[in-house]
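Some notes on the structure that comes next.
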Amino acid sequence: MGKRGADHLRAQRAGKVRDLFICQICGRAEKAEGHHIIDHQFGGAGIVDNIITLCQKCHKEVHRGNMDILKF
């Protein structure tokens, strides 16, 4: 997997600001992280529409495959 560019970091920051730093799964406002809905390694763009804010715990669960993110 290649290194993510500055556009991905800006998008993650903008997504967290948009979501008020609140996890969009559980509602926690602690340790907010930006998650790519379509992962970078699968061609996911570094744009705010491809970011969802998750707390650290939910983010780990998504990456472990215990939770799925669906975009409507």
Side-chain angles (χ1 to χ4, degrees):
M1 179 169 63
K3 194 172 183 180
R4 293 181 187 166
D7 57 335
H8 286 268
L9 298 176
R10 282 190 296 271
Q12 286 181 322
R13 173 73 180 164
K16 291 187 290 185
V17 168
R18 177 202 57 217
D19 295 338
L20 304 174
F21 295 87
I22 295 172
C23 179
Q24 300 301 291
I25 293 177
C26 73
R28 287 182 63 194
E30 298 152 8
K31 298 185 181 180
E33 300 178 352
H35 173 75
H36 288 79
I37 296 167
I38 300 173
D39 200 339
H40 171 68
Q41 68 182 353
F42 300 117
I47 59 174
V48 71
D49 289 342
N50 188 38
I51 299 295
I52 186 169
T53 302
L54 303 175
C55 69
Q56 193 175 56
K57 181 180 176 187
C58 288
H59 198 181
K60 286 180 182 178
E61 291 300 310
V62 168
H63 281 282
R64 289 178 180 145
N66 296 328
M67 292 182 191
D68 291 321
I69 303 294
L70 300 175
K71 184 175 179 179
F72 291 93

Look up atom [atom1] in [X] and atom [atom2] in [Y], then write down how far apart they are to the nearest 0.5 Å.
X: Q24; Y: C55; atom1: CD; atom2: SG; answer: 11.0 Å
X: D39; Y: N50; atom1: CG; atom2: CG; answer: 9.0 Å
X: C23; Y: H59; atom1: SG; atom2: NE2; answer: 10.0 Å

Query raised in the report: Hydrophobic clusters join Ile, Leu, Val, Met, Phe, Trp and Tyr when side-chain heavy atoms are under 4.5 Å apart, directly or via other members; which others share one with I22?
Result: L20

Report summary line: Going by chain and number, the hydrophobic cluster around F21 (ILVMFWY, side chain to side chain under 4.5 Å) further includes V17

Query - Set of side chain to side chain contact (heavy atoms under 4.5 Å, CB included) partners for I51, sequence neighbours left out - result: A11, Q12, H36

Query raised in the report: So, the side chain of T53 versus the backbone of E33: is there a donor-acceptor pair under 3.5 Å, distance only?
Result: no

Query raised in the report: Looking at I37 and D49, what are the two nearest heavy atoms and their distance?
Result: CD1-O, 4.0 Å

Query - Sequence neighbours excluded, every pair satisfying salt bridge (Lys or Arg N to Asp or Glu O under 4.0 Å) that has a member inside residues 14-29 - result: R28-E30

Query raised in the report: Checking side chain to side chain contact (heavy atoms under 4.5 Å, CB included) for the pair V62/D68: CA distance, chi angles, key distance, verdict?
Result: CA-CA 6 Å; V62 168; D68 291 321; over 6 Å; no

**Report entry** Neighbour count above 12 (heavy atom, 6.0 Å) for I47 CD1
**Finding:** yes

Report task. Apply side chain to side chain donor-acceptor pair (under 3.5 Å) to E61 and list each qualifying residue two or more places apart in sequence or on a separate chain. Result -> R64, N66

